[in-house]
Asks: 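Next up is a structure, given as structure tokens.
What's counted below: heavy atoms across the whole structure, side chains too, no hydrogens, waters or symmetry copies. In this chain, numbering begins with 1 at the start of the sequence shown.
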Amino acid sequence: MTRRTGPETLRRAASPARLLLTLAVLPALLPALFLSVLAVPGARAAESAPTVSLSKKEAGKGGEITVSGKGWRGEALLMLLICGQATPERGVIGGTNSCANGAGRAVTTDEKGAFSKRLPVAEPPEPCPCVVHVATVTGEQASADAAFTVAGHPTAELPRRTGGGKLAVLAATRLEGDSSLLTWFGAPPARRLVFTVGNLGPAPVEDPVFEIGTAHGVYAPQWEERQWRGTVAPGARARIALPVELSAGAHGDYQISLRYGKKVLAEQPWGVGRPWGVTLFWVLLCLVVPAAVFRIGMAVVDRIRPSTVGAHRTAGARPGPAVSKGLPRRTTPVARTARSAAAGDADATTAVLPWFTPDSAPSENRPRPTTKGQA
């Protein structure tokens, strides 16, 4: 056999040399590749993290500052609040109950996730250190804080950190309470969400802040903060009841969710009946109002309509001008006979045509017939 030389033979001969070259260069490239893999996600996370900046770091009550932000979700609705007992590192410890909610503002980000909004300076209910708290209202939850000082506002130390506590629901949740008569007429339905939690961590949990979410149909739950006053010691349990209230006239199937921190602890369905009292009210209103308007209209018509009975009687008592013209008028005697009184007013008021007077009747002026044999 003859040995053939060609491109295929040359490739087979060069493959071991290429493999050795790759193995020699690969250890030098691995550290650079590893660093690039770690750096790219960190850079992307830094770019996507929302940020907040302030035009002033300190201002007094009644002043105004400009709050700006970048890196938020495009066209997202944000809430701006000045909160006490908070720092950017620990966040708002007492929840929105520690914020000046009456002076808060809402803003919508642009397509790039940036915003700028003027915020009036107000004193929060809790002492400083204070922050300007910015959080999303709907959609994916995101928040950011910027340190701020309210001039003239009291300052106090932050409460002791209790980060070692961990709460978990130990029993099934339930809704307690009944609907009142006002709920049947459209008042807001209200219940109490009752559950039992246990502290599985090594540190106590003081005054935990829970979040109650209400969802109806396919809509996302709307979260509201509820703070429970008390302490759950490590390994202990506590029975907690939080108020839950829906909007006026709410009816249908609702889903009540309980969240602590970033974890949903429990969910409870709630079927709310229709407020039939409102329907009954509108039905009665549609029946009573037209009936009342009709009766008022008939009363007005009876009041302004002229009386025709007296007019008919007066017209009948008047003698016709064509008949009585040129004839002697007969006077009605003052004394009425028993027959005319019994006949009634209609016969008494009827005019008698005076064709003949009682003295000139034909029967009285005509000569009497004579009998045979009389002169």
Side-chain angles (χ1 to χ4, degrees), residues 72-79 81 92 95-97 99 101 104 106 108-109 135-143 166-200 205 207-230 232 237-287:
W72 297 84
R73 190 174 66 252
E75 297 181 355
L77 181 61
L78 305 180
M79 173 181 61
L81 296 172
V92 183
T96 55
N97 293 331
C99 305
N101 298 314
T108 303
T109 60
T136 55
V137 178
T138 58
E140 184 180 355
Q141 297 293 324
S143 62
K166 182 180 180 182
L167 297 181
V169 176
L170 304 179
T173 60
R174 64 184 183 274
L175 292 172
E176 293 184 354
D178 296 325
S179 299
S180 62
L181 182 62
L182 296 178
T183 306
W184 202 65
F185 285 94
R191 294 289 190 276
R192 290 185 304 163
L193 183 64
V194 181
F195 56 94
T196 302
V197 297
N199 187 2
L200 306 181
V205 178
D207 300 337
V209 178
F210 297 92
E211 289 182 290
I212 301 295
T214 57
H216 181 55
V218 298
Y219 296 98
Q222 301 293 328
W223 299 96
E224 295 183 2
E225 294 181 348
R226 296 287 188 272
Q227 187 174 16
W228 181 73
R229 299 292 182 179
V232 184
R237 63 176 59 188
R239 182 179 180 272
I240 299 176
L242 300 177
V244 181
E245 184 175 349
L246 303 179
S247 59
H251 62 277
D253 296 330
Y254 284 81
Q255 188 78 11
I256 308 302
S257 304
L258 174 67
R259 185 171 67 180
Y260 179 71
K262 300 296 182 180
K263 182 180 179 181
V264 177
L265 301 181
E267 292 182 348
Q268 178 70 30
W270 183 10
V272 184
R274 183 181 294 272
W276 292 107
V278 179
T279 305
L280 179 62
F281 170 78
W282 286 110
V283 170
L284 294 178
L285 187 65
C286 294
L287 295 177

Asks: Are V194 and T173 packed together at the side-chain level, in the sense that at least one heavy-atom pair is separated by less than 4.5 angstrom?
Replies: no
Asks: Restricting to side chain to side chain contact (heavy atoms under 4.5 Å, CB included), what partner residues turn up for A248, sequence neighbours left out?
Replies: P188
Asks: Does a side-chain heavy-atom distance below 4.5 Å link V264 with L258?
Replies: no
Asks: Does L77 have any side chain to side chain contact (heavy atoms under 4.5 Å, CB included) partners at least two apart in sequence or in another chain, and if so, which?
Replies: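 Counting only residues at least two positions away or on another chain, L77 forms a side chain to side chain contact (heavy atoms under 4.5 Å, CB included) with A106, T108, V137.
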Asks: For P189 and A250, work out which heavy atoms get closest and say how close.
Replies: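 Looking at all heavy atoms of both residues, the shortest contact is CG-O, 4.1 Å.
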Asks: Are R192 and V244 side-chain neighbours, meaning at least one heavy-atom pair lies under 4.5 Å?
Replies: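 Heavy-atom side-chain distance check fails, nothing below 4.5 Å.
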Asks: Is there side-chain contact between W228 and V209, with at least one heavy-atom pair below 4.5 Å?
Replies: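 Of all side-chain heavy-atom pairs linking V209 with W228, none is under 4.5 Å.
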Asks: Please examine the side chains of P208 and Y260, heavy atoms only from C-beta on, and report whether any two atoms are closer than 4.5 Å.
Replies: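 Side chain of Y260 against side chain of P208, heavy atoms only: contact under 4.5 Å found.
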Asks: Got more than 12 heavy atoms from elsewhere within 6.0 Å of CZ, R73?
Replies: yes
Asks: Identify the heavy atoms of T109 and L78 that sit nearest to each other, and give their distance.
Replies: CG2-CD1, 3.5 Å
Asks: Taking the side chain as every heavy atom from C-beta outward, state whether L242 and F195 have any atom pair closer than 4.5 Å.
Replies: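 Contact flag for L242/F195 side chains = yes.
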Asks: Name the atoms and distances for all side-chain donor-acceptor pairs under 3.5 Å in residues 215-226, with sequence neighbours left out.
Replies:
from : atom 1 : to   : atom 2 : distance (Å)
H216 : ND1    : D253 : O      : 3.0
E224 : OE1    : R226 : NH1    : 3.3
E224 : OE1    : R226 : NH2    : 2.9
E225 : OE1    : T96  : N      : 2.7
E225 : OE1    : T96  : OG1    : 3.0
R226 : NE     : P243 : O      : 3.2

Asks: For R191 versus D178, what's the shortest heavy-atom pair and its separation?
Replies: NH1-C, 3.7 Å
Asks: Would you sort out whether V272 and W270 count as a side chain to side chain contact (heavy atoms under 4.5 Å, CB included), showing the intermediate values?
Replies: CA-CA 6 Å; V272 184; W270 183 10; 3.8 Å; yes
Asks: Looking only at heavy atoms, what is the nearest atom pair of T214 and I256, with distance?
Replies: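 Nearest heavy atoms, T214 then I256: CG2-CD1, 3.6 Å.
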Asks: Mind listing the closest non-hydrogen atom pair of A168 and L200 along with its distance?
Replies: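 Looks like CB-CD1, 3.7 Å.
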Asks: L265 versus F210: any side-chain heavy-atom pair under 4.5 Å?
Replies: yes
Asks: Less than 4.5 Å apart, any side-chain heavy atom of C99 and any of V92?
Replies: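 They are in contact (side-chain heavy atoms under 4.5 Å apart), so the answer is yes.
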Asks: Tell me, with the steps shown, if V232 and L167 meet side chain to side chain contact (heavy atoms under 4.5 Å, CB included).
Replies: CA-CA 9 Å; V232 184; L167 297 181; 4.2 Å; yes
